[in-house]
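Down below is the structure, laid out as structure tokens.
These numbers come from a predicted model, not from an experiment.
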Amino acid sequence: MGLKAALRDRAPLIGTFQKTPSAVVSEVLGQTGLDMVCLDAEHAPFDRGDLDACILALRAASMSSLVRIQANRPEYILNALDCGAEGVLVPHVITGEDAAALGGQAHFGTGRGYAGSTRAAAYGARAMPEHISRSADETVAIAQIEDAEALECLSDLFDAPGVDGFFIGRADLTVSLGAASPAAPEVIEAVEMICRQGQEAGTAIGMFTGQMDELAHWRALGASFFLLGSDHGFVKAGAANLLAEGSVP
């Protein structure tokens with residue numbers, strides 16, 4: 001089952017963020033049992049060449065790849081998808097119009113510019129009808145809800161065409177709400193509201209959390225996909241474990 005179909009069926013999915021712009025890291029993550037890897041071009045120093053190489057490595061490993069792009073702009077969406085990413089995760093989508101713009105720019109015929117010479121089009125090996133059809137069947141567009149203003153627009157967001165799911169950016173939502181931490185009651189209440197309304201709308205809802213013991217709660221409220229941890233976190237945790245296990249009394 002492809003990522004788009006799994007999101008549509010709201011199958012439980014677990015992925016991670018890759019923060020290091022290295023195809024070697026992508027290659028290593030591609031050997032794991034994760035459902036997806038999200039290249040974090042919003043908060044890490046990925047340039048176009050880095051994205052191209054990392055997406056190539058993930059595709060070679062048959063690992064689903066997302067790119068969290070810098071902003072909801074057509075050139076960022078186009079570049080990630082032309083390089084062959086399975087989808088994009090777009091930050092700070094606030095209104096229904098924002099979400100509809102994302103949905104349009106991710107798909108041919110509604111805003112995405114066409115080129116048959118890209119990796120996504122098998123470098124010209126696919127005829128136009130095949131490339132358009134496969135893109136419609138496989139391309140994933142995920143909008144990130146992380147602003148207090150978006151909480152007033154949830155119905156419009158969930159009605160937007162061309163969007164396959166919504167990812168809750170809890171850290172930015174915490175800051176936007178003026179809360180002290182992601183565990184603050186007002187933040188939890190907002191996340192629960194997004195999950196409930198998303199479930200009622202029949203759309204996929206995902207999130208990041210640093211607290212693994214929360215997952216059962218969010219799954220019960222309808223969240224189906226999670227991007228947990230990062231390659232940076234794995235390296236630090238591995239080093240900490242090494243020190244703990246290798247310390248000589």
Side-chain angles (χ1 to χ4, degrees), residues 1-17 35-36 38 42 64-69 71-72 77 80-81 85-112 135-173 176-177 182 187-209 214-228:
M1 180 187 298
L3 181 57
K4 190 180 184 80
L7 289 169
R8 182 180 61 241
D9 293 346
R10 283 177 277 173
L13 302 170
I14 293 181
T16 194
F17 284 106
D35 295 303
M36 67 192 117
C38 183
E42 182 190 15
S64 290
S65 59
L66 297 173
V67 178
R68 179 154 70 175
I69 59 177
N72 190 7
I77 296 169
L81 297 179
E86 205 159 338
V88 289
L89 174 61
V90 178
H92 298 290
V93 177
I94 298 174
T95 67
E97 290 79 8
D98 293 340
L102 159 60
Q105 294 294 340
H107 297 287
F108 296 122
T110 56
R112 179 180 170 187
S135 177
D137 291 341
E138 298 173 2
T139 298
V140 170
I142 300 174
Q144 195 156 308
I145 299 175
E146 53 190 338
D147 300 273
E149 299 93 328
L151 301 177
E152 305 298 324
C153 305
L154 293 180
S155 294
D156 291 338
L157 285 166
F158 297 149
D159 283 343
V163 179
D164 299 286
F166 295 84
F167 185 81
I168 302 170
R170 192 157 148 195
D172 271 324
L173 186 58
S176 184
L177 289 170
V187 179
I188 298 299
E189 182 180 354
V191 175
E192 290 177 342
M193 180 176 69
I194 296 168
C195 288
R196 288 195 201 94
Q197 292 194 28
Q199 187 173 42
E200 291 170 2
T203 191
I205 297 293
M207 67 178 72
F208 168 89
T209 176
E214 292 184 352
L215 294 184
H217 174 69
W218 299 123
R219 284 285 296 134
L221 283 179
S224 60
F225 69 100
F226 299 87
L227 293 172
L228 306 173

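- For the side-chain contact (heavy atoms from CB on, under 4.5 Å) test, residues two or more places apart in sequence or in another chain that qualify with Thr95 are Glu97, Asp98, Cys153.
- At distances below 3.5 Å, at least one donor-acceptor pair connects side-chain atoms of Glu146 with backbone N or O atoms of His92.
- Residue pairs satisfying the salt bridge (Lys or Arg N to Asp or Glu O under 4.0 Å) criterion with at least one member in residues 153-171, sequence neighbours excluded, are listed as follows: Lys4-Asp164, Arg170-Glu214.
- With sequence neighbours excluded, the residues satisfying ring pair (Phe, Tyr, Trp, His ring centres under 6.0 Å) with Phe158 are Phe166.
- In terms of the side-chain contact (heavy atoms from CB on, under 4.5 Å) criterion, residue partners of Ala5 (sequence neighbours excluded) are, by chain and number, Met1, Arg8.
- Note that OG1 of Thr139 and CD1 of Ile77 are 11.5 Å apart. Values are rounded to the nearest 0.5 Å.
- Residues passing the side-chain contact (heavy atoms from CB on, under 4.5 Å) test with Ala71 are Arg73, Tyr76, sequence neighbours excluded.
- Contacts classified as salt bridge (Lys or Arg N to Asp or Glu O under 4.0 Å) and involving residues 102-112 (residues at least two apart or in different chains) are given here: Asp82-Arg112.
- For Leu177, the side-chain contact (heavy atoms from CB on, under 4.5 Å) criterion is met by Ala148, Leu151, Leu173, Val187, Ala190, not counting sequence neighbours.
- Counting only residues at least two apart or in different chains, side chain to side chain donor-acceptor pair (under 3.5 Å) contacts with residues 99-110 are absent.
- For the side chain to side chain donor-acceptor pair (under 3.5 Å) condition, the pairs that include at least one residue of residues 189-204, sequence neighbours left out, are Glu192-His217.
- Legend: residues meeting salt bridge (charged side-chain N to carboxylate O under 4.0 Å, His left out) with Glu42, ordered by chain and number and at least two apart, are Arg68.
- Residues passing the side-chain hydrogen bond (donor to acceptor under 3.5 Å, both in side chains) test with Asp172, sequence neighbours excluded: none.
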